[in-house]
Structures are given as structure tokens and as C-alpha cells.
There are 4 protein chains.
Amino acid sequence: MHGIRLSRPERKAVRRQQLLDAAREVFSSKGYTATRIEDITQASGLAKGTFYLYFEEKCDAFAALADDLLTAVENALEDSRALHAKPEPNPAKACKILEDEIAAVLAIYHENRAIATILLHEARLQEAALESRLTAYYARVVRHFSAGLETMRKAGVARSLDAKVAAQCIVGTMERAVQTCLPRRAGSSEIRRLAREIAQLECRGVFR
Amino acid sequence: MHGIRLSRPERKAVRRQQLLDAAREVFSSKGYTATRIEDITQASGLAKGTFYLYFEEKCDAFAALADDLLTAVENALEDSRALHAKPEPNPAKACKILEDEIAAVLAIYHENRAIATILLHEARLQEAALESRLTAYYARVVRHFSAGLETMRKAGVARSLDAKVAAQCIVGTMERAVQTCLPRRAGSSEIRRLAREIAQLECRGVFR
Amino acid sequence: MHGIRLSRPERKAVRRQQLLDAAREVFSSKGYTATRIEDITQASGLAKGTFYLYFEEKCDAFAALADDLLTAVENALEDSRALHAKPEPNPAKACKILEDEIAAVLAIYHENRAIATILLHEARLQEAALESRLTAYYARVVRHFSAGLETMRKAGVARSLDAKVAAQCIVGTMERAVQTCLPRRAGSSEIRRLAREIAQLECRGVFR
Amino acid sequence: MHGIRLSRPERKAVRRQQLLDAAREVFSSKGYTATRIEDITQASGLAKGTFYLYFEEKCDAFAALADDLLTAVENALEDSRALHAKPEPNPAKACKILEDEIAAVLAIYHENRAIATILLHEARLQEAALESRLTAYYARVVRHFSAGLETMRKAGVARSLDAKVAAQCIVGTMERAVQTCLPRRAGSSEIRRLAREIAQLECRGVFR
DNA sequence: TATGAATGAGCTTTCATTCAT
DNA sequence: GATGAATGAAAGCTCATTCAT
């Protein structure tokens, strides 16, 4: 009748997820500041006080959503690194590796589009916790890409340049592109196309 | 003893500026949301009500600061376009033009660093007026850069690519770079160096 | 020890009433405009925010009090109409019917003296909702009395006159009389005496 | 060029009147509470501070307007009393005297319709000064009418009744009638008709 | 665990009144 | 006298958070 009986901690996790799902919904449509705790609990069919059984404060719920997003990107890059540990002397192949990474990041951002926008453009400066999580995130991401560039340089593919600056540029490029060059309902082919465009740009520039 | 005697409208303008200066200060240190009207008036040594003699609401004061910034960039790009209307077939020179434009934009962003950060990352999603001003701004800026790329392509300098995407990438790159690759007290030489790095990246990519 | 245990909705109703009681008290002593929400909650021993759990705004609380009063009068007249549907050809009896109605109205106004005064003389022009409730109220009351006069005319008791004007005069007379001719602590006998006086006046005038 | 040169006090009086005219206009359209000092000065083409050269506070301006109205009624009744000092044994003529008085009062109320409404229904309970002026006014008016009834009784025209109650009823009747039975643009003939209706009612009642 | 009533700090905005020019 | 900038008390309303049930 009641489906599978869940253990205490399992039930806790389910409830928490129920709240997070509602929170994603509401944050996405109203933004961070305008979302009231009650909006979230109402959307979950729970009572206001229940929120505080699962989160210490409003920011925590958003932080959890943001963390999912950031962790997903971190993991995707981590996986890629594991796969491409060895230097790739072929430029076309190196560019393809970058393209794949960019595509992975774009896909994750795109999937969490609204949350990403709010995190990057509204909430971060309002909540110190978010900003510091972001700082850590960016440090990793930048480290990943600058290490990649360094490897490419050693493999004779890339020229000598300020890898940290280039990495930040890739980050800025991806974040802006996903928000301005991807239609809201873009599918994987559009994401792939955009990733290729960006990878080409980063590798070869606009010159012919 | 009393300095120069000012006319009524002049004094009004001075007061307004006094409030804007205070507002820039406070917004910069506390962020948009956390800044209360009273923080601004206190910082100006005025009374709370006085704010409302010069602005309709909090957003207006921030919008004025933001508008200065955005307009400055718009004008700088406008000026550049006027100067470089003719196609430039020499790649090095074309890259130098881009570098100059990027340097100009970086300099303005850098000068208004805190306001830029808040505008782009906190305030915009909270105030429709800011978002729509930004939309107009981005439209112009993207139009500028994509037109430039188009010109470069016709001059045989640039390859054929999605100019709008490339322009958005330049924008994202600049915005991220100014916030992460420029020390808070950077001078014009550092700005120039960063602009050159970015211009090279956009023109030639990371490949050797 | 804890009195009767109440259900949730019952407790809600009790709280609401508690606030209304306090509101009646405060409105009565300070008037509508001068009463602050906090005056009401303080008088109830509750916190400011609690008010807003039971009313949307200040006006709502007053409107509830006013509505009680107006509805009571409407009901009293309704009851009377039901009772005296048939024309009464005997003048003395017809006058007695009017006297009873007037007495009923006076009693209700008197019981809600302060609220009535504030409603009729202060609050109505400040809150559109009150004014429109009053408009509906007066329409009913005037309809009641003019219908009564019409019946009296058909029964040959009343002369031919502008029934709407006469009804309005009865209304004005009652409202003024209750406020100026009834001592604050008047009992039912004084109300009865005043009602008789008014009924006589309306029926026979001042002429001998 | 500048018309007649006015003396100091004359100019003062003119300015004051200029403000009062504007105040009447604004109070009439926005009500007492909603009218801001600045509304009045703007309507007079003067500056905000100027108001305080002619009035101590907001209430004073309204009080002056109210006083004009009340004094006009007081004077009209005074004049009538002077004219009809002697008892009038003819009922028809006595009724005509009452009708004339009522017509005079209605005319003055009607001419100051908006101010009267605001005075009687909004402002009085908010400003002690108004309420006490009104108290004095009502005392006089009631004294006038009850004295008149007394005289009628002595002349054998009126029956024995509580003259004070009857006088209050006349007052209540007039105030309600002018607001509900006179079209906003009524002329003297409509006023006369209403006065006759009321006088008949007060003298002979509704009975045939 | 879940609830939702209660709290009260906090912030915006208004506007009567003052006063330096 | 006339002006209008400046003042700051005041009040409404919101909502994150707590806690008794």
C-alpha cells in the first residue's frame, strides 16, 4: 500500500530532496531574493517550519542546488583529466578534447540554467557561503584548464602564454555563451555546435 | 570663506553627486541588497528623507552609477568605430585595434570595478530596470564586436565564423578577466598587458 | 487548568476575535486615523506581525467591526419587514411599528456608539471599501423605510410625499439623535423614549 | 501696470485668500488626510514654505474653510431670528418660516458641499480644533431651532415635545438630505423643493 | 517529526514642519 | 516676504526564524 518501507535516514533524504525540488522550481521562477521560505514549503506541500528541519537557513537550500551544479562540472572536468592525462601532439585532437570538455560544461550549465544564472548573477554576492564555494570552484576549474594549456604547450601544440588568463577567458566565454547563445530549449546538438565554435575560437582565434 | 557661490540648480546637482558618491562607496562595500537608503544618507552626512529629494528609490541611485559605466563603454566603442571605419587588411594592425578596444573597456570596468561587479552579478536580476538597461547595452556591444569581425572577414583577415557567438565570447572574456586577472590596484600598464593577452587569444587562439 | 481545549480553526477564530476586541477598544479611544497597527497588537498583548496573520491591513479590522454593526441593523430591519408585511391601517399602530424599528436601530448604533461615530464621521472617506459598504447599507435602509412609507400611503395612513427623501430624513434623524440625544450610558428605557419621540416626529410632525 | 497698489495688510489678506482658494479646490478633490501641504501651494503657484507664513498648520487652512461655512449658517439663522422674533400663530406661515430657514441652510451646505462632507465625515474626529468649533456650531443651531419650536408651541402652533430632540432631528435631516437628495448641480429651485419637503415633514409628519 | 502561529527586527517611503538663503 | 532644501519621526508591511503543540 505504501510502497517500499524506508529507513529513517532514507526518509530524511527523500524529504530533503522533495524540498530541494520545490526550491529549484521556485528559485528558478522568482529568483533568490524574491523567494520566500514559504514559497518553497508550499510548493512541496509541507509546512513552513518543516524547512528548518532540513536546512539551517534559506541560503542552505540554494547552496545545495548550486553545489550540485558546481560539483557536476568539477566531476566532469575531473573525468576528462583522468582520460586525457597524456599530452596530445595532434592539434585537431587537442582541440577536440577541449571541445568535449566545453560541451560537458555547457550541458551541465544549460541543464541548470536558471539556478546557474541566479547563482552567478544574483545570489553569490548576497551570501558569503556561496561566494566562497564559487571561489573554490573557479580555482579548480581554472587550474584544470590552465594545466591543460600547459600540457598542450609542452606537447608543442599551444604557444607560450599566460595560462591562467587564458583559462579565465575560457571560463568567461563559456558562462556568457551558455546564457546568450543557447536557446532555452537547446538540445545536445546545439550544445555541441556551440562547444565546437568556442573550442575553435579558443584554439585558433578568429584569424583565418 | 564659503567657496564659490553656486546657483540653485548647481547646488542641486552638487548634492545629487554627493549622494551618488556616498552611494558608490556604500554599494561597493556592502553590495546592492544589503545597502539601506539610510547607509547612503549617513555616509553623505544627510538625513534619510533627503535621499528621496534626488532619487525616487534605491534602484535609481544604483542605476545612475551603472549608467555612467555602461555609457562610458558604449561611447568608447563608438569612438573606436568612428576611427576604424575602414577595413584593415593587416592582421597585426587589426589585432591592435581590437586590443585598443579591449583596453578601453577593461579600463572603464576596472575604474568602476565594484559597481561593475554588483551590477553584473547581483543587482541586475533584482531590478527590472537594470536588466533592461543591460540588455540594451549588451545588444550594442555585441553588435559592435560582431560588426568588427564581419569587417575583418571581408578584409580577408578573419575566417568565417558565427560573429555573434564570437562577440559574446569576447564580452564574457573581458568581464571575467577584469575581475579575476586584474589586481585591484592595477595601473594602465597592467590593463594594457591584459588587453594584449586577450586580443591575441581572440585573434590567434592558444595554438602556436 | 487550561480551560477547554480548542481545535486549530477555533483557536484562529478566538485570536481574531481577540484582535478585534482590542481594535474596537483602540479605535474607540483614538479614532481611525490615529490608531496604529501596533496600538492594536499591543492592546492584545501580541506582536505587530501577528495582526497581519488575521487581517490584510488596518482597514480590514475596522471593516469587520463596521460590518457587524451594519449587518445587525440590516437584519433588524429585515426581521421587522418580515413581521409587518401587511399594511396597517391604524395610524397609532403604524407609528408603533416605526417606533419599534427606530428603537432597534438606535439600540444597535448605541451599542456600537464609538465605532458608529468613527465609521460615519471619519473612516468612510478614507477607505473606499468602507464607503462602498456604507453605500450598500444606506441603499438597503432607505429602501426599507421608503417601502414602509409607500405601504402606509396605500393603507391610507400616510399622505403622498417623496418617500425617498422622507426615508433619508429618518436615517439622518436617527444617526444624529443617537449621537446627541442619548447619554453615553443610556439604557433601553431611554432608547425607547427617544425612539418614541422620533417616531412621533416623523409621523405627526411638530404641529399639534 | 500692476493694477491697484495694495497696502501691506491687504496684500497679506489677498495671499491668504489665494491659498484658501487653492486649499478648497484640493481638499474638495482629495479629502482632508490625503491633501498634502505641497498640493495646496502647488495649486496656488506658491512655494511650500509660504503656506506657513499664513497658517500655523494644515488644520488651520481647513478650519478657515470650515469656519466660513459654519459662520454663514450661523449668520443666516441669526438673520432669520431677527426677522421672525414674533410668534406666528398661523401654521402655514410658521411652516413657511421653517422652510425658508432650511432652504438657507441647505443652500450654504450645498454651495460648500465637498468641504461640508469632509468636515462632517472625515476631518472632525482627526482635529480637536474642528470638533470643538463644530460643537459650538451645533449648540447654536440647536438652540436656534429649539427656541423656534418653543415659540411655536407658545403660539399654539406646535405641540408639546422635547424641543432639543426635535432640533437635533432637523439638523440630522438637513445634513443627510443635502448629501443624498440634492444632485451635485442642483439649483435654487431644487433646493427650495427639498426645503419644502423637509419643512412639511418636520411640521406635519408623514401622516395624511 | 511535522506543524503553522507568533515574533519582531528591519526597511521603505511619506510628509508636516523648519530654516538658511 | 518668499523660497524650497533638509529634516526625521512615523507607520505600514514583510518574512526569516523560532517554538509550543
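Throughout, protein chains are lettered first and strands after them, A, B, ... in sequence-line order, and every chain is numbered starting at 1. Side-chain atoms are counted along with the backbone in the values below, which use heavy atoms only and exclude waters and symmetry mates.
In this structure, Lys58(B) forms no cation-pi arrangement with Phe51(B), as its terminal cationic atom is not both closer than 6.0 Å to the ring centre and no more than 45° off the ring axis.
Nearer the 5' end of DNA chain E, as judged by each residue's closest nucleotide, is the contact made by Phe51(C), out of Phe51(C) and Lys48(C). Each of Gly49(A) and Glu57(D) has a nearest nucleotide on DNA chain E; the 5'-most of these lies closest to Gly49(A).
Relative to the side chain of Leu53(D), the nucleotides dT17(F), dT3(E), dG1(F) differ in distance, and dG1(F) lies closest. Here the side chain of Arg36(B) is nearest to one of dA2(E), dG4(F), dG10(E), namely dG10(E). The listed nucleotides are dC11(E), dT14(F), dT3(E); the one nearest the side chain of Leu46(A) is dT3(E). Distances from the side chain of Ile37(A) to the nucleotides dT17(F), dG1(F), dA2(E) place dT17(F) closest.
Put simply, NZ on Lys30(C) is 12 Å from C1' on dA10(F), counting in whole angstrom units. Going from atom CD of Glu38(B) over to atom P of dA9(E) covers 16 Å, rounded to whole Å. If you take OH of Tyr54(C) and C1' of dT7(E), they are 12 Å apart, rounded to a whole angstrom. Nucleotide dA5(E) holds its C1' atom 16 Å from the CZ atom of Arg16(C), rounded to whole Å. Distance Asp39(A) CG to dT14(F) C1': 12 Å, rounded to the nearest Å. Spacing between atom CD of Glu127(A) and atom P of dA16(F) amounts to 11 Å, rounded to whole angstrom units. Lys58(A) places its NZ atom 11 Å from the C1' atom of dT14(F), with the value rounded to the nearest Å. For the pair Phe55(C) CZ and dA5(E) P, the interatomic distance rounds to 14 Å; values are reported in whole Å.
Inter-residue side-chain proximity for Thr71(B) and Arg133(B) is flagged as met; some heavy-atom pair is nearer than 4.5 Å.
Surrounding CD of Glu57(C) are more than 12 heavy atoms belonging to other residues, nucleotides or ligands, all under 6.0 Å away.
Within 4.0 Å of Thr41(B), counting heavy atoms only, lies no atom of the nucleic acid at all. Thr35(A) comes within 4.0 angstrom of sugar-phosphate atoms only, judged by non-hydrogen atoms across all strands, and of no base.
Residues Thr33(B) and Gln126(A) bring a donor and an acceptor atom of their side chains to less than 3.5 Å of each other.
Between Phe27(B) and Tyr32(B), the ring planes lie parallel to each other; the angle is under 30°, not in the 30° to 60° tilted range.
Of the possible donor and acceptor atoms, none in the side chain of Asp39(A) sits under 3.5 Å from a partner among the backbone N and O of Thr35(A). A donor-acceptor contact shorter than 3.5 Å links the side chain of Asp60(A) to the backbone of Glu56(A).
The shortest distance between the side-chain N/O atoms of Arg11(B) and the OP1/OP2 oxygens of dG4(F) is not below 4.0 Å. Side-chain nitrogen and oxygen atoms of Lys12(B) include at least one within less than 4.0 Å of the OP1 or OP2 phosphate oxygen of dA5(F). Close to dT3(E), at under 4.0 Å from its OP1 or OP2, lies no side-chain N or O of Tyr52(A).
Taken to the nearest 0.5 Å, the CD1 atom of Ile40(A) stands 8.0 Å off from the CZ atom of Phe55(A).
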Original post:
Given the rule that a pair is Watson-Crick or G-U wobble with both distances under 3.5 Å, how would you write DNA chain F in dot-bracket, using | for pairs to a different strand?
Top reply: .||||||||||||||||||||
